[in-house]
S.K.: 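Mind having a look at this structure? Questions to follow.
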Amino acid sequence: MCLGIPGEVVALLAEHPDLAMVSVEGVQRAVNIGLLREESEGPLELEPGDWVLIHVGFALSKIDEQEAKASLEWLTGVGDAYTDELDALAASDIT
């Protein structure tokens, strides 16, 4: 099972404009935000504290905090699929 998991943007990486440091359940990893730039009509409005939906190292969409918290509650109930996704995130490094 593949999951999209919510993560909070911690920092935008100036040296890599298509990357942002994102925290998911305390695990911080660089995530590609290039797809968000493509869907944005104007300049990408993403800053620390914003939430994004992540799948395989890519931010797929910007979501609000309420949606992120509801998703996290549901995901923790899924069990192994969510744990496996967090383990994969912890092992990844796209920088």
Side-chain angles (χ1 to χ4, degrees):
M1 175 187 279
C2 295
L3 300 173
I5 56 175
E8 184 176 8
V9 176
V10 176
L12 300 175
L13 304 179
E15 66 277 10
H16 300 284
D18 280 346
L19 297 180
M21 189 61 65
V22 175
S23 178
V24 177
E25 298 284 336
V27 176
Q28 291 189 9
R29 287 291 178 264
V31 171
N32 189 304
I33 58 172
L35 294 174
L36 298 180
R37 290 186 194 287
E38 291 177 12
E39 77 176 24
S40 176
E41 295 291 324
L44 177 62
E45 294 184 22
L46 190 64
E47 56 189 42
D50 286 341
W51 288 84
V52 292
L53 189 62
I54 305 163
H55 179 66
V56 293
F58 288 86
L60 301 177
S61 61
K62 184 176 171 181
I63 59 176
D64 63 35
E65 185 174 5
Q66 183 177 0
E67 182 179 353
K69 291 189 186 285
S71 294
L72 284 171
E73 283 181 28
W74 182 83
L75 286 168
T76 56
V78 171
D80 289 342
Y82 181 55
T83 304
D84 292 347
E85 196 76 15
L86 285 178
D87 290 344
L89 179 68
S92 68
D93 184 9
I94 64 170
T95 54

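Here the structure is a predicted model, which is why all the values come from computation and not from measurement.
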S.K.: Mind checking whether Val9 and Val52 have side chains closer than 4.5 Å, heavy atoms only?
M.R.: yes
S.K.: How far apart are the C-alpha atoms of Leu72 and Trp51, what are their side-chain angles, what is the distance that settles it, and do they pass the side-chain contact (heavy atoms from CB on, under 4.5 Å) test?
M.R.: CA-CA 12 Å; Leu72 284 171; Trp51 288 84; 4.2 Å; yes
S.K.: Once you round to the nearest 0.5 Å, how far does OG of Ser61 lie from CG of Leu36?
M.R.: 7.0 Å
S.K.: What pair of heavy atoms forms the shortest contact from Ile33 to Pro17, and how long is it?
M.R.: CD1-O, 3.9 Å
S.K.: Using side-chain hydrogen bond (donor to acceptor under 3.5 Å, both in side chains) as the criterion, list what pairs up with Gln28, not counting sequence neighbours.
M.R.: none
S.K.: Quick one: closest heavy-atom pair of Ile63 and Pro6, and the distance?
M.R.: CD1-CB, 3.9 Å
S.K.: Taking Lys62 for its side chain and Glu45 for its backbone only, find out whether a donor-acceptor pair lies under 3.5 Å.
M.R.: yes
S.K.: May I have all residue pairs that pass salt bridge (Lys or Arg N to Asp or Glu O under 4.0 Å) and include part of residues 63-74, sequence neighbours excluded?
M.R.: Glu65-Lys69
S.K.: Indicate the atoms forming the closest heavy-atom contact of Leu19 with Asn32, along with that distance.
M.R.: CD2-CA, 3.8 Å
S.K.: Side chains of Val10 and Val22, heavy atoms from C-beta outward: is any pair under 4.5 Å?
M.R.: no
S.K.: Considering non-hydrogen atoms only, spot the tightest contact between Val24 and Gly7 and give its length.
M.R.: CG2-CA, 3.7 Å
S.K.: Going from CG on Leu35 to CG on Leu53, what distance comes out if it is rounded to the nearest 0.5 angstrom?
M.R.: 11.5 Å
S.K.: Between Leu13 and Asp18, is a side-chain contact (heavy atoms from CB on, under 4.5 Å) present by the stated rule, with each step listed?
M.R.: CA-CA 8 Å; Leu13 304 179; Asp18 280 346; over 6 Å; no
